[in-house]
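In listed order, ligands and their atoms are each counted from 1. Only this structure's heavy atoms are used, side chains among them; waters, hydrogens and symmetry mates stay out.
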Amino acid sequence: KMEQTFIMIKPDGVQRGLIGEIISRFEKKGFSLKGLKLIRVERPFAEKHYADLSAKPFFSGLVDYIISGPVVAMIWEGKNVVTTGRKIIGATNPAQSEPGTIRGDFAIDIGRNVIHGSDSVESARKEIALWFPEGPVAWQSCAHSWIYDP
Ligand code: CMP
């Protein structure tokens, strides 16, 4: 069924120059990019995104990591994109992710695993609402941008 998912390229992925490679894999699969922004988030926002993990021992380290630099926040759409997107991404722990997946090809440590993808349609809905409160595309000052008037 037609779905949307939230995909985030984490600060290590951005710093290592993997944005194009990652977007390319989702595009070539046939999914559609519905929203995209480069954004550096603050601690309370990152804590909200990872609220379900607040009791984990790695929580504060995870939040430190996510706020350490800009991330690329994206909305991708397509048939079964939540499940298939997670297949493209690979297992959370890069030690278990298969070669051919993003984490299998580009990551070694679970604490620096390059990318995040929503784990269910319900999480996707929540994460998209959190990261894109303005809607998928910012249209401000786009009026008449199709007119070529040098
Ligand atoms: P992500 O898909 O963003 O979902 C939760 C994140 O927590 C996960 O990727 C990892 O970045 C991080 N994570 C999960 N388990 C551990 C762990 N044992 N140590 C450090 N970070 C972890």
Side-chain angles (χ1 to χ4, degrees), residues 1-140:
K1 58 202 174 324
M2 215 55 177
E3 295 174 349
Q4 288 191 337
T5 193
F6 173 72
I7 301 289
M8 168 179 54
I9 306 175
K10 298 180 179 180
D12 55 330
V14 174
Q15 282 159 10
R16 291 172 57 199
L18 297 174
I19 298 171
E21 171 75 36
I22 289 169
I23 289 178
S24 186
R25 290 183 180 211
F26 278 84
E27 281 187 322
K28 287 175 187 167
K29 178 68 178 174
F31 293 132
S32 320
L33 184 60
K34 292 292 170 180
L36 176 146
K37 61 186 172 185
L38 182 69
I39 178 177
R40 186 163 184 177
V41 299
E42 293 181 323
R43 183 169 297 274
F45 186 94
E47 287 173 348
K48 206 166 174 186
H49 172 75
Y50 282 123
D52 293 350
L53 301 176
S54 61
K56 301 281 187 190
F58 57 81
F59 181 69
S60 67
L62 173 60
V63 170
D64 288 341
Y65 162 42
I66 294 305
I67 68 174
S68 67
V71 302
V72 175
M74 297 178 281
I75 302 169
W76 285 91
E77 187 177 275
K79 199 188 275 183
N80 292 315
V81 69
V82 173
T83 306
T84 307
R86 282 176 67 92
K87 283 187 189 156
I88 291 171
I89 289 170
T92 303
N93 187 347
Q96 263 101 56
S97 48
E98 297 295 330
T101 65
I102 291 168
R103 288 168 177 157
D105 289 348
F106 303 121
I108 295 169
D109 292 312
I110 194 167
R112 293 289 182 273
N113 64 355
V114 174
I115 185 168
H116 165 86
S118 307
D119 62 6
S120 66
V121 171
E122 177 57 16
S123 317
R125 195 191 55 72
K126 282 190 204 157
E127 292 172 0
I128 289 169
L130 178 67
W131 287 81
F132 289 89
E134 73 280 19
V137 176
W139 285 106
Q140 298 97 309

**Request:** For the pair E42 and I67, evaluate side-chain contact (heavy atoms from CB on, under 4.5 Å) and give the outcome as yes or no after the intermediate values.
**Result:** CA-CA 6 Å; E42 293 181 323; I67 68 174; 5.9 Å; no
**Request:** Report the member of R103, M8, K10 with the shortest heavy-atom distance to atom 2 (O) of ligand 1.
**Result:** R103
**Message:** For G100, is there any backbone N or O sitting under 3.5 Å from a side-chain donor or acceptor partner on D105?
**Reply:**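 Yes; at least one donor-acceptor contact below 3.5 Å.
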**Message:** Is the distance between the ring centroids of F26 and W76 under 6.0 Å?
**Reply:** yes
**Prompt:** Looking only at N/O atoms, are R86 and ligand 1 under 3.5 Å apart anywhere?
**Reply:** no
**Message:** Are the side chains of E27 and L33 in contact, using a 4.5 Å heavy-atom criterion?
**Reply:**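 When only atoms from C-beta onward are counted, E27 and L33 do not touch, as no gap falls below 4.5 Å.
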**Per-atom contacts of ligand 1 with T92, taking only distances under 4.0 Å to non-hydrogen atoms** =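 Per the distance check, 8 (C), 9 (O).
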**Message:** Heavy-atom distances under 4.0 Å decide this one: backbone, side chain, both or neither, for L53 against ligand 1?
**Reply:** side chain
**Request:** Pick one of side chain, backbone, both or neither for how I110 approaches ligand 1, counting any non-hydrogen atom pair under 4.0 Å.
**Result:** both
Distance to 0.1 Å, residue and atom name: give those for the protein heavy atom nearest to [atom].
| atom | answer |
| --- | --- |
| atom 13 (N) of ligand 1 | F58 CE1, 3.5 Å |
| atom 12 (C) of ligand 1 | L62 CD1, 3.8 Å |
| atom 3 (O) of ligand 1 | Y50 OH, 2.6 Å |

**Message:** If I compare all heavy atoms of G69 with all of P11, which pair ends up nearest, and what's the gap?
**Reply:** O-CG, 3.6 Å
**Request:** Scan side-chain atoms only and decide if T84 and N80 contain a donor-acceptor pair under the 3.5 Å cut-off.
**Result:**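 No donor-acceptor contact under 3.5 Å links the two side chains.
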